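Every number for a ligand or one of its atoms is a count from 1 in the order of the listing. The structure displayed is predicted, hence computed values, not measured ones.
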Amino acid sequence: MQYSDRLSKIPPYLFVEISKKIAAKKAAGEEVISFGIGDPDMPTPDFVIDALCQAARKPENHKYPETDGTKQSRQAIAGWYKKRFDVDLEEQSQVLPLIGSKEGIAHVALCFIDQGDIALVPDPGYPVYSMGTILAGGTPYYIPLKEENGFLPDLEAIPADIAKKAKVMWLNYPNNPTGAVADLKFFQKAVDFAKKYDVVLFNDAPYTEIAFDGYKPASLLQIDDAKDIAVEFHSVSKTYNMCGWRFGFAVGNTGIIKALGTIKSNMDSGVPGAIQEMAASALEGSQDYLEELRGLYQRRRDKMCRVLKDLGFKINEPKASLYIWAKVPDGYTSAEAAADILEQTGIVVTPGSGYGPSGEGYIRLSMTVPEEQLDKGLVKLAQWKKR
Ligand SMILES: *Cc1c(COP(=O)(O)O)cnc(C)c1O
């Protein structure tokens with residue numbers, strides 16, 4: 001057998017070492033509590049499950065779905081964007097349901113990236129922006145997100161020849177892993193940059209509803225002419241605790257939506273009809289429970305930040321997202337800090353270097369740990385002794 005070159009370009013799993021240590025601890029009978037994974041621990045709301053159960057009994061949902069989604073789910077998405085961001089979307093041509101936003105993020109590379117093409121990707125960042133690029137034959141160009149810039153890319157620092165060559169640029173606000181947020185002023189600058197260099201602009205925005213202290217994250221599409229060159233990716237995964245059901249969406253520029261639909265129609269057959277009904281019920285139903293969810297995460301954030309600060313970590317309390325991005329004490333690399341914390345306390349945190357070279361010097365903690373585990377975990381974490 002001869003595997004493709006493409007396959008060999010996928011780097012080894014970045015958390016191999018940590019995974020080995022976790023397995024060894026568990027085998028030795030020690031308790032391990034993970035703050036590693038960003039997968040909401042709360043169940044999908046009941047009214048959404050009820051919608052799924054009803055939808056499952058409809059014979060039309062037993063057939064192949066259309067790749068471009070049902071009118072009902074597209075309308076629910078457009079309606080939600082109007083309600084939440086006051087952004088107008090054409091349900092038919094500017095909205096595309098996805099099998100989770102990850103699917104669309106990976107596939108959209110095939111719409112723009114040919115062999116050797118450049119994608120500007122945030123560093124640190126969600127790995128799918130660069131993996132999608134690589135699988136399409138392209139090359140990711142890392143744009144560092146620096147603390148002194150509020151973890152926003154310094155657009156002026158991108159070399160002009162790179163900007164001219166780049167086909168697409170990825171943004172992700174509210175940001176994973178840094179927890180940073182972007183305001184409309186930044187989004188306007190990004191749109192201007194993309195237009196100047198004829199670069200397609202993507203904002204991956206699954207965390208706009210997970211925000212704290214009353215903060216309301218913005219949408220890239222609130223910028224007047226963003227739809228000329230941009231698409232925003234969204235997801236119900238984090239907002240409605242629906243990671244397991246796989247539903248996300250792309251919205252914005254008509255041509256990009258059409259191109260992604262073309263790729264998808266040749267690779268998958270769209271989102272199962274019952275899941276689309278489920279997602280529509282989440283987007284159209286009462287959003288009251290979200291206040292509770294935000295309150296819950298905010299309390300977790302506060303507890304976690306307190307313990308980390310007491311341990312001497314420098315952190316910016318996140319205004320949104322599910323993550324705390326903490327600068328490790330002097331003398332440690334990300335990997336060393338994560339390994340030592342695990343060794344001494346049985347607590348799993350992820351080394352920032354796993355999200356890109358500029359993540360070196362940080363660790364990420366996820367707030368998706370159930371209360372009892374979280375409290376227990378923080379007591380253990382507080383006992384960490386720096387060398
Ligand atoms: C969780 C996450 C996603 C993926 O969401 P799905 O819709 O479940 O595929 C996309 N981007 C970022 C940055 C995420 O953290």
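Checked by atom type and distance alone, the side chain of Asn241 pairs as donor or acceptor with a backbone atom of Pro43 at under 3.5 Å. No donor-acceptor distance shorter than 3.5 angstrom exists from the side chain of Arg294 to the backbone of Ile210, with no hydrogens or angles considered. For Asn176 (side chain) and Thr178 (main-chain N/O), no donor-acceptor pair under 3.5 Å exists by modelled atom type.
Looking at Ser101 next to ligand 1, an N or O pair under 3.5 Å apart turns up.
When heavy-atom distances to ligand 1 are checked against a 4.0 Å cut-off, Asn172 comes that close only through its side chain, counted from C-beta outward. When non-hydrogen atoms are compared, ligand 1 lies under 4.0 Å from the side chain of Tyr207 (C-beta onward) but not from its backbone.
Interface of Gly100 with ligand 1, defined as ligand atoms under 4.0 Å from a residue heavy atom, comprises 7 (O), 9 (O). Taking every heavy atom of Arg246 and a limit of under 4.0 angstrom, the matching atoms of ligand 1 come to 6 (P), 8 (O), 9 (O). Less than 4.0 angstrom separates some heavy atom of Ser237 from each of these atoms of ligand 1: 6 (P), 7 (O), 8 (O). Of all atoms in ligand 1, numbered sequentially from 1 with element shown, those under 4.0 Å from a heavy atom of Tyr129 are 13 (C).
Between Glu91 and Lys71 there is a salt bridge, since a side-chain N of the basic residue sits under 4.0 Å from a carboxylate O of the acidic one. Between Glu31 and Lys376 a salt bridge is recorded (basic side-chain N to carboxylate O distance below 4.0 Å). Salt bridge status for Asp340 with Lys386: absent, with no side-chain N to carboxylate O gap under 4.0 Å.
Taking the ring-ring contact (aromatic ring centres under 6.0 Å, His included) definition, one finds that Tyr173 meets it with Phe186, sequence neighbours left out.
The option with the heavy atom closest to atom 7 (O) of ligand 1, from among Pro40, Gly248, Ser235, Ser321, is Ser235.
The protein non-hydrogen atom at the shortest distance from atom 1 (C) of ligand 1 is Lys238 NZ, 1.4 Å. Protein heavy atom nearest atom 13 (C) of ligand 1, with residue, atom name and distance: Asp204 OD2, 3.2 Å.
Distances from ligand 1 to the non-hydrogen atoms of Pro206 include at least one value under 4.0 Å.
Residues Leu96, Leu98, Ile105, Val108, Phe112, Ile113, Val121, Tyr126, Val128, Tyr129, Tyr142, Val168, Val200, Phe202, Val231, Phe233, Ile256, Ile257, Leu260 make up the rest of the hydrophobic cluster containing Trp170, defined by ILVMFWY side-chain heavy atoms closer than 4.5 Å, directly or through other members.
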